[in-house]
Every structure is written in C-alpha cells, then in structure tokens.
Amino acid sequence: MTSHSEIGGSPISDPIYRFPWQTLGAIVEGRSVIDLVGLRVSTREAALDNLRAYGLDPDDPLDASELEEISQQTAHFFNSVLLPWRSLSGLPEDLPKTFPELFLLASTPDHPLRDWACSFLKVGHAVAHARYAQDPALVKAARSQIFERFSAHLKLGQSRMLITDGEMIIPLLRCDFKAEKPWESLVLKLLHKVDSVAQEIYDHLGVRFVTPDKAYALLLLKYLRVNNVFAYPNVKPSRSVNTLIDMNAFQKTFDDLDESYRQGDINFREFTGLVHQIDTPPSREHDRNPHSASTFQTMQFTARALVKVRRGEEVQRAFIPFEVQIMDQAAFEENQEGQAAHREYRVRQKEAVCERVFPWAV
C-alpha cells in the first residue's frame, strides 16, 4: 500500500520493453518503497489488482472494512503525529481517503494532490503493517511467558534486587518491563526504517535493568546467561550493541586487580571495591539506529523466546523477539537527562520520517 515509482520507462514503443526502472531497481538493490515517488496505475481495475496483491480485496466486505479502518488510522496519524510540519498544516479536505482513488491520484503527475496521495499511501503501508504486526493471542502469551523468565529471579527488599547463586546479591536501581510498543510509536519506527515491515521491529517487548556500576552490569549479564533466563543460541547477533563498557579495557584492569589479589597485595574486600570502581568508557559509538544520540550508553541485545499458546486442543508455537537493556546508574541518568533523552530522540526520529513522507514539501 505504498507508491511504486514506475515513471520514466523506456522510450521504446513496444510495451514489452518498457521497464519500470525505479521499481525493479528498488526490488533488487535494497531501496525502500517508502522512498519511491509516484505510481503508474492507469485504471481502477489496476488499482484493485494492486490492493488484492497486497492482501486486501476491496470487493470483499471484510477487507473493505479493514481498508476503511486503515484509512481512518492513517488520517489520524497524519493529524496527531506528523502534522503540522514546515508549510504543511493538515491533510487537504478534498484528498480522497479510499485507496483505489488514491492509487489513481498518485498516478496523475500534474494533479495538485498527487504528492499528498503518495504520502498518504506511504503512511498507510506502515499503518497496515503495524495493524497486523502480531497475533494478539501470541503477544499476550509472549508478554506473560517472557516476562516470567525475568520476574522469577527478582526479589523485593528495601529495593528491587536480583539474587544470584550463593550469597552474592546484584542490586538493581530499576527494572522496567516494556509490555508493548505504543501504536503511534510503531508506525513512526516503521516509517524511518529501510525495512518498513512489522516483522523487522524487535522491541515490542523489552526489559531494562539499571545497576549501580559497570561491574554489576557485567555480573547481571553473566547471571542472566548462566541461569538460562534467555537462550544464548536465540540471540540475534546483528542486534547486539555495547556502548557501555570497553570490554577489553575492563578485562585488562580486572586481570591486573586479580593478579594483585592473588599476590597478596590487596585483600578480597579491597579487590571487590576496586572492581566496582572500574569505569572504562565505551569503545565505540553504535550505528544501528541513526536517530539515537551518539552518547546513548547501553549493553543491549535481542533474543527470541519460543512462545506457546493453546488454541483448543492444539498448541501454536512461535519465536517472539524481546530486547534486553542493561546500563549503570551514570549511563541511565545521562540517557534520561542528557543529549540522549527520549524526547530528543523522538524529535530526531519524527524529523527524519517527515523528510521521507513529504520529500516534496518546502
């Protein structure tokens, strides 16, 4: 439900050799459909065929109702999230809201509302994917089953703590569970990603831990792994980020302190005290999310849990992703109050989305 640019075909008169160069290039060269401009749909039947290929048939009463709701949600997203922006105050009152008409309008180069139609189709595409992101029953089961993996290890005392084997206690300043990504945030994220499909959103569910220092952050990560709170084989390597601890520098300092302890130069209490003072800076800036501030400090990874939901006598199983963030108190405070504050992140994200949705605006 987005605008596929097929303008600028071959000048050869034989239609067999008229190629939609931009669309074909986008398919095989990794360009997002969100960044293409214009359509080449000449008839209403062609528009209907595009929608049927998308998976929604306007001639089916149930699909027609879905298309109407997607259109309403799309208009709401424009008016509540994206607009006003620059010279744009709101959707034009005479802009059609039905998708066959939008397809035809987006295919009319000289029409004054053509750009608006293209923008509406782009957002409608993201809205559709956000709408069908997950099976609601699976999301509910995932929320319960994944969070139970973590909450089973938490004990409430004067502050929330995670108890490790033996007498060791890892204190937690915060433990936050993100139950589900707000609908508007999901659409916004889909619109700023190259892969504007819901399956590429990995932070629907998440857990964030804040520890007093970096040593406790590493001890917490170790505890979660050793106690199989998550399954290491189910971690998605390309999603892992570490801008909290320079692991090599931390290990070198730790090994030096360990050697001093073994040599009897310091006692165990001094050793542990010095370990918890190690504060090696991040070794690199993360580059996965172009809208996060470069100062954002975290250790985070995405794993998948095999979630089970019973449907009658059958059991459905699916791997559902969830994100784990670990940071120390200093990083948490910087992330909240400094350049990496979420409100500033959202401003940068929205600005980038508007640039993509309204490339024609001045």
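Position 1 is the first residue of the sequence, and the numbers go up from there.
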### Query
Where do Arg346 and Ser185 land on the side-chain hydrogen bond (donor to acceptor under 3.5 Å, both in side chains) test, with the steps shown first?
CA-CA 9 Å; Arg346 287 295 297 270; Ser185 296; 3.2 Å; yes
### Message
Checking Leu104 against Phe99 for the side-chain contact (heavy atoms from CB on, under 4.5 Å) test, could you report, in this order, the C-alpha distance in whole Å, the side-chain angles of both residues, the deciding distance, and whether it holds?
### Response
CA-CA 9 Å; Leu104 292 171; Phe99 287 105; over 6 Å; no
### Message
I need the minimum non-hydrogen distance between Pro96 and Leu105, along with the two atoms involved.
### Response
CD-CD2, 3.7 Å
### Task
Could you walk me through whether Asp265 and Tyr261 pass the side-chain contact (heavy atoms from CB on, under 4.5 Å) test, one step at a time?
CA-CA 6 Å; Asp265 298 331; Tyr261 170 64; over 6 Å; no
## Note on the structure
dist Gln300:CD -> Thr243:OG1 (nearest 0.5 Å) comes out at 7.5 Å
### Task
Please answer: with hydrophobic residues joined when any side-chain heavy atoms are less than 4.5 Å apart, are Leu205 and Val235 in the same cluster?
yes
### Message
When you compare the side chain of Val207 with that of Asp176, does any pair of heavy atoms fall below 4.5 Å?
### Response
no
### Summary
When Val210, Leu224, Thr298, Asn242 are each screened for side-chain contact (heavy atoms from CB on, under 4.5 Å) with Ile326, the one that passes is Leu224
### Task
Please examine the side chains of His153 and Asn227, heavy atoms only from C-beta on, and report whether any two atoms are closer than 4.5 Å.
yes
### Query
Does the Thr108 side chain pair with the main chain of His111, one donor and one acceptor, at a distance under 3.5 Å?
no
### Query
Taking a hydrophobic cluster as the set of Ile, Leu, Val, Met, Phe, Trp and Tyr residues connected by side-chain heavy atoms closer than 4.5 Å, whether directly or through intermediates, do Phe177 and Tyr223 fall within one such cluster?
yes
### Query
Where the side chain of Ser119 meets the backbone of Asp115, is there a donor-acceptor pair that is under 3.5 Å apart?
yes
### Message
Whether Arg208 and Glu323 form a salt bridge (side-chain N of Lys/Arg under 4.0 Å from carboxylate O of Asp/Glu) is what I want to check.
### Response
no
### Message
For the CE atom of Met327 and the CD atom of Glu333, what is their distance to the nearest 0.5 Å?
### Response
11.5 Å
### Query
Using 30° and 60° as the class limits, which term best fits the ring planes of Trp360 and Trp116: parallel, tilted or perpendicular?
perpendicular
### Task
List in chain and number order the residues that pass side-chain hydrogen bond (donor to acceptor under 3.5 Å, both in side chains) with Asp57, two or more places apart in sequence or in another chain; answer none if no residue qualifies.
Arg52
### Task
Determine, step by step, whether Glu355 and Arg86 satisfy the salt bridge (Lys or Arg N to Asp or Glu O under 4.0 Å) criterion, reporting the C-alpha distance in whole Å, the side-chain angles of both residues, the deciding distance to 0.1 Å, and the verdict.
CA-CA 10 Å; Glu355 292 282 358; Arg86 292 186 179 174; 2.4 Å; yes
### Query
Looking only at heavy atoms, what is the nearest atom pair of Leu62 and Asp60, with distance?
N-OD1, 2.9 Å
### Message
Any non-hydrogen side-chain atom of Leu138 less than 4.5 Å from a side-chain atom of Gln316?
### Response
yes
### Query
Is there a donor-acceptor contact under 3.5 Å from the side chain of Asp246 to the main chain of Asn248?
yes
### Query
With a 4.5 Å limit on heavy-atom distance, are the side chains of Arg356 and Lys122 in contact?
no
### Heavy atoms from other residues, nucleotides or ligands near NZ of Lys350 exceed 12 (cutoff 6.0 Å)
yes
### Query
Thinking salt bridges, do Glu68 and Lys97 make one under a 4.0 Å N-O criterion?
no
#### Entry: Glu270: salt bridge (charged side-chain N to carboxylate O under 4.0 Å, His left out) partners, not counting sequence neighbours
none
### Task
Could you check if a side-chain atom of Glu184 sits within less than 4.5 angstrom of a side-chain atom of His76, using non-hydrogen atoms only?
yes
### Query
Between Asn50 (side chain) and Ala53 (backbone), is there a donor-acceptor pair under 3.5 Å?
no
### Query
If only atom types and distance count, is the side chain of Thr253 paired as donor or acceptor with the main-chain N or O of Ala249 below 3.5 Å?
yes
### Message
Students often mix this up, so state it plainly: with edges at 30° and 60°, are the rings of Phe322 and Phe150 parallel, tilted or perpendicular?
### Response
perpendicular
### Distance in Å, Leu219 CG paired with Ile169 CD1, rounded so as to fall on 0.5 Å steps
12.5 Å
### Message
Grouping I, L, V, M, F, W and Y whenever their side-chain heavy atoms are under 4.5 Å apart, do Phe103 and Leu48 come out in a common cluster?
### Response
no
#### Entry: Shortest non-hydrogen contact from Ala106 toward Leu121
CB-CD1, 4.0 Å
### Query
Hey, any chance Leu220 and Met247 share a hydrophobic cluster, counting ILVMFWY side chains that come within less than 4.5 Å of each other, even indirectly?
yes
### Task
For residues Ser151 and Glu148, determine if any side-chain heavy atom of one lies less than 4.5 Å from a side-chain heavy atom of the other.
yes
#### Entry: Spacing of Phe358 atom CZ and Cys118 atom SG [to the nearest 0.5 Å]
12.0 Å
#### Entry: ILVMFWY cluster, Phe319 and Ile146 together (side-chain gap under 4.5 Å)
no
### side-chain contact (heavy atoms from CB on, under 4.5 Å) evaluation trace for Thr98 with Ser71
CA-CA 7 Å; Thr98 60; Ser71 177; over 6 Å; no
### Query
Got a second to check how far Leu102's CG is from Leu113's CG, nearest 0.5 Å?
10.0 Å
### Query
Minimum heavy-atom separation for Ala64 to Pro58, with atom names?
CB-O, 3.5 Å
#### Entry: Any residue meeting side chain to side chain contact (heavy atoms under 4.5 Å, CB included) with Ser144, in chain and number order, not counting sequence neighbours
none
### Summary
Contacts of Arg317 meeting side chain to side chain contact (heavy atoms under 4.5 Å, CB included) (sequence neighbours excluded), chain-then-number -> Leu306, Lys308, Val315
### Heavy-atom pair of closest approach, residues Pro100 and Ala47
O-CB, 3.9 Å
### Query
Between Gln329 and Tyr216, is any side-chain donor less than 3.5 angstrom from a side-chain acceptor?
no
### Task
For the pair Phe301 and Phe230, name the ring-plane relationship: parallel under 30°, tilted 30 to 60°, perpendicular over 60°.
tilted
### Query
So, do Phe209 and Arg174 sit near enough that their side-chain heavy atoms are less than 4.5 Å apart?
no
### Query
Which heavy-atom pair separates Leu83 from Ser89 by the least distance, and what is that distance?
CB-O, 4.0 Å
### Query
Run the side-chain contact (heavy atoms from CB on, under 4.5 Å) check on Leu188 and Leu82 step by step: do they pass?
CA-CA 9 Å; Leu188 199 64; Leu82 296 183; 4.2 Å; yes
### Query
Has the side chain of Thr211 got a donor or acceptor atom that lies under 3.5 Å from a matching backbone atom of Asp213?
yes
### Task
Say whether Gln73 and Glu69, considering side chains only, have a donor N or O and an acceptor N or O under 3.5 Å apart.
no
### Task
Look at the side chain of Asn335 and the backbone N and O of Ala331, then say whether any donor-acceptor pair between them is shorter than 3.5 Å.
yes
#### Entry: Over 12 non-hydrogen atoms of neighbours within 6.0 angstrom of CZ in Arg311
yes
### Contacts of Asp63 that satisfy salt bridge (charged side-chain N to carboxylate O under 4.0 Å, His left out) - sequence neighbours left out
none
#### Entry: Student check: side-chain heavy atoms of Val187 and Val81 closer than 4.5 Å
no
### Task
Can you measure from NZ (Lys214) to CG (Asp328) and round to the nearest 0.5 angstrom?
4.0 Å
### Message
Quick test of your reading: applying ring-ring contact (aromatic ring centres under 6.0 Å, His included), list the pairs with at least one residue in residues 235-254, sequence neighbours left out, ordered by first then second residue.
### Response
Phe254-Phe271
